[in-house]
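Residue numbers begin at 1 in each chain, while the letters A, B, ... track the order of the sequences.
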Amino acid sequence: MSGRVVFRSVWLPWLLVAPQLAITAVFFLWPAGEAILQSTQLPDPFGLSTQYVGWENFDYLFGDRYYRASFLTTAIFSLSVTALSMGVSLLLAVLADGVIRGSGVYRTLLIWPYAVAPAISGVMWLFIFQPSIGLFPYWLKAIGYNWNHVLNSGEAMSLVVIASAWKQVSYNFLFFLAGLQAIPRSLIEAAAIDGASPWHRFRTIILPLLSPTTFFLLVINVVYAFFETFGVIHTITAGGPGQSTMIMVYKVYADGFIGQDLGSSAAQSVILMLIVGVLTIVQFRFIERRVHY
Amino acid sequence: MATVTLENVRKRYGKTEVIHGVDVDINDGELIVIVGPSGCGKSTLLRMVAGLEVVTSGDISINGRVVNHVEPKDRDIAMVFQTYALYPHMSVFENMAYGLKIARLDKDEIHRRVDDAARLLALSELLDRRPKALSGGQRQRVAMGRAIVRQPSVFLFDEPLSNLDALLRVQMRLEIKQLQRRLGITSLYVTHDQVEAMTLADRLVVMNAGVAEQVDEPLSVYQRPASRFVASFIGSPGMNFIEGSIKGRQLVTSAGHTILLRDAQLNEGPVTAGVRPEHLEVVAESDADFLLDVVSVELLGAETLLHGTLTGASNDEGDVVAGVAGRSLAVRAAGITRVGEGQRCGLRVAAGGWHWFDKQSGQRLLTE
C-alpha cells in the first residue's frame with residue numbers, strides 16, 4: 001500500500017487514536033467486563049450483597065425451557081426482520097433508481113422513517129394495529145379476519161417484525177440506492193445488447209455487483225434485529241403474549257430489571273455478546289469471501 | 001451480412017434538438033467512421049442505432065427492416081463500449097459466453113465460438129482471469145471478443161481506443177481494421193480522433209453540432225472538404241483560413257494584403273480562403289504568391305513547421321482567422337528548412353491547394 005503515513009514519533013499515533021480508544025473502553029470494554037464479572041455472581045434483590053457462584057448462572061440458563069425458547073424466537077425474529085427489511089428496501093431502491101423525474105422527493109420520503117425513534121414507531125404501529133381502536137384490525141374485520149395480537153402469538157410476532165423492519169427499510173434503501181447508482185450504466189446496456197431480459201440482467205449483473213452492499217447490510221440488519229429492536233418490543237408486546245416475542249435482548253431486560261435476577265441477566269448479556277461476535281465472524285469469513293470480484 | 005440506413009434521423013431531448021436529420025447509407029461489409037468534436041452527437045447517433053436511445057423522428061433500418069422500435073437484443077448488433085463494460089464478476093470466458101448462454105446455444109457450440117474468438121484475439125491464455133487482472137489492451141480485446149462471438153450483422157464501436165495509451169492505440173487500430181476486413185462485418189465506429197478516423201474508415205461521416213457535414217471516403221474528405229468545419233477538423237496541423245475577397249487574379253485580405261492567385265477561377269466578391277500547411281511551399285521572394293513574417297519555427301526533423309503573419313500585418317488585426325496558433329499562418333515544409341525566426345520568406349501555394357468557402361455559411365464553393 002502506498003500513500004500510508006509513516007510517523008516518526010511513537011507517541012503521536014497513539015495520541016491520535018486515543019479518543020476512539022477511550023470511547024471504546026468506557027462504553028464497550030468496561031460494561032462488557034462488568035457484565036462478565038456479574039455473570040459469575042449472584043446478588044440479592046436489593047444489591048446489598050453478592051455471592052460468587054461461578055458457572056451456576058449459565059448452568060441455570062441452559063436448563064431453562066424459556067431461555068431455550070427465546071433462542072428460537074430470536075432466530076425467527078431476526079431472520080424475518082432482516083429478510084423483510086432488505087427485500088422491501090431493495091425493491092424500493094430498484095424502483096427509485098429507475099425514476100428520473102422527482103427522484104429527490106421519493107428519496108427524501110423513503111429516508112424519513114429512519115429519523116423516527118424506535119419507541120415512537122412502536123407506539124405508532126401499536127395504534128394502527130390496536131385490536132379495539134386500530135385502523136388495520138377494523139379493515140381486517142371487514143373482510144372477516146379477527147386481528148388480536150394481544151392474544152395471538154403469531155400475530156404479535158408479525159407485528160413486531162413489521163414494525164422493526166419498517167424502521168430499517170430507510171437505512172437499507174439508502175445503501176441499496178447508492179449501490180445501484182454505482183453500477184456503470186454501460187454494463188446494463190451491454191447486457192441488454194447481449195440479449196438479457198430485465199429480470200435476467202437483475203439476477204446476473206445487478207445483484208452480484210450489489211453483493212458488497214448486500215453483505216454489509218446483512219451484518220448491520222442482523223445486529224439491528226438483535227439489539228436495537230428493544231424499543232419496538234417494549235412498546236408493542238413487552239415480550240408477550242406469553243413468551244412469544246421474548247427475544248434475547250428483551251429477556252436480558254425483563255429478567256434483570258423486572259425479575260430482579262441481575263446475575264442471570266448479566267449471564268444472558270455475555271451469551272448475547274458471544275452470539276453476535278460469532279455471527280459477525282461467520283459472516284465475514286464465509287460470505288464476504290464470495291462477494292469480492 | 002447487413003446494410004444499415006439512416007434516414008433523416010433526429011434526436012430531441014425535451015425542446016433541444018441535438019441531431020438535426022442525418023442521412024447515411026451503409027453498404028454491406030463497410031467500415032463507417034463517425035468523427036467529430038465532443039458534443040457533436042456522434043455517440044448519440046451510434047446509441048440510436050444500438051437501440052439504447054429512442055429515435056425522435058426519422059428511420060433507422062438494418063437490412064431494410066426499420067428498427068426504431070426494436071429492442072437492442074433483437075437488432076442483431078454487438079457493441080464495444082468506450083469503458084469496455086466488461087462484467088467484473090465474471091471471467092473472460094464467462095464475459096464472452098454471456099450472450100451465447102442467453103441465446104441458449106449448446107455448451108459445445110459456446111466453447112467452440114469462444115475458443116475461436118480467443119485465438120483470434122490472443123486471449124486463449126487469459127480465459128480464466130477476471131477483468132480486474134487484465135491490462136487495458138487485453139480488456140479492450142475481451143470487449144471485442146464478446147462482440148465477435150455473437151456473430152452479429154453489425155458491429156458498433158463507441159470510442160473503443162480512447163482509454164488506451166498512444167502506442168497501444170496505434171496497434172489496436174491496426175488490429176481492429178484487419179479484424180473487420182477478415183470478418184467482413186458491417187461496422188459503425190465512433191471517434192473524436194481524426195487520425196483514427198482517416199486510417200480506419202472506408203467512408204467517413206464528419207459530424208458537427210448534430211449535422212453530418214460530409215459523408216465521403218477519407219481522401220475525398222481531405223481533398224475536397226464540404227465545409228469550413230470539415231476542412232478545419234480533418235488534417236493536422238489544421239487548415240489555414242484567410243478572410244478576404246477576390247479581385248481579378250488576386251485575393252485581397254481583410255487587412256489589405258494581396259495574394260496572387262494562379263489557378264483559381266472564382267467570381268469576384270467576399271470569400272473565405274483555405275490552404276493546408278502542407279500545400280504551402282517556401283520559395284524565393286520573386287517567385288512567391290505572398291510573403292510571410294516568420295514568428296516561430298518548429299524543427300521536427302522529418303518536417304519543419306513555420307508560423308507567421310502575412311507581411312505587414314500586426315497580430316491583433318491579422319487576416320488569418322483560424323490558423324494553428326490562433327491568428328498565425330502555419331507552413332509545413334518537408335525536411336529541415338533553415339528559416340530563422342523574425343525573417344521574411346516567400347510562399348507559393350501548390351496547384352489545387354486553395355479551398356474556397358462561402359463567407360457566411362462556410363459551405364464549399366464549387367470551382368472548376
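- Annotation: B:Glu71, atom CD; neighbour count of heavy atoms from other residues, nucleotides and ligands within 6.0 Å does not exceed 12.
- Counting only distance, with no hydrogens or angles, the side chain of B:Arg150 and the backbone of A:Ile193 share a donor-acceptor pair below 3.5 Å.
- Taken to the nearest 0.5 Å, the CD atom of A:Glu189 stands 7.0 Å off from the CE atom of B:Met79.
- Ranked by heavy-atom pairs under 4.5 Å with chain B, the list A:Ala192, A:Ser197, A:Ala191 is led by A:Ala191.
- By the 4.5 Å heavy-atom criterion applied to side chains, B:Tyr87 and A:Thr204 are not counted as neighbours.
- Atom OH of residue B:Tyr98 and atom CZ of residue A:Arg201 lie 8.0 Å apart, to the nearest 0.5 angstrom.
- Shown here for B:Ile102 and A:Ala196, the closest heavy-atom pair between the two residues is CD1-CB, 3.5 Å.
- In A:Phe28, the CZ atom is not crowded: 12 or fewer heavy atoms of neighbouring residues, nucleotides or ligands sit closer than 6.0 Å.
- Between the CZ atom in A:Arg185 and the OG1 atom in B:Thr83 there is a gap of 12.0 Å [rounded to 0.5 Å].
- Heavy atoms closer than 4.5 Å to chain A are found in the backbone of B:Ala78, but not in its side chain.
- Looking at B:Arg47, the atoms closer than 4.5 Å to chain A (heavy atoms on both sides) all sit in the side chain, from C-beta outward.
- With a 4.5 Å cut-off on non-hydrogen atoms, B:Leu156 does not touch chain A at all.
- The residues A:Asp194 and B:Lys73 are annotated as not salt-bridged, no charged nitrogen and carboxylate oxygen being separated by less than 4.0 angstrom.
- Crowding of B:Asp128 atom CG: a count of heavy atoms from other residues, nucleotides or ligands under 6.0 Å not exceeding 12.
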Is there a side-chain contact (heavy atoms from CB on, under 4.5 Å) between B:Met90 and A:Ile205 once you walk through the steps? CA-CA 9 Å; B:Met90 298 183 193; A:Ile205 308 289; 3.9 Å; yes
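- Closest heavy-atom contact between B:Pro88 and A:Leu209: CG-CD2, 3.3 Å.
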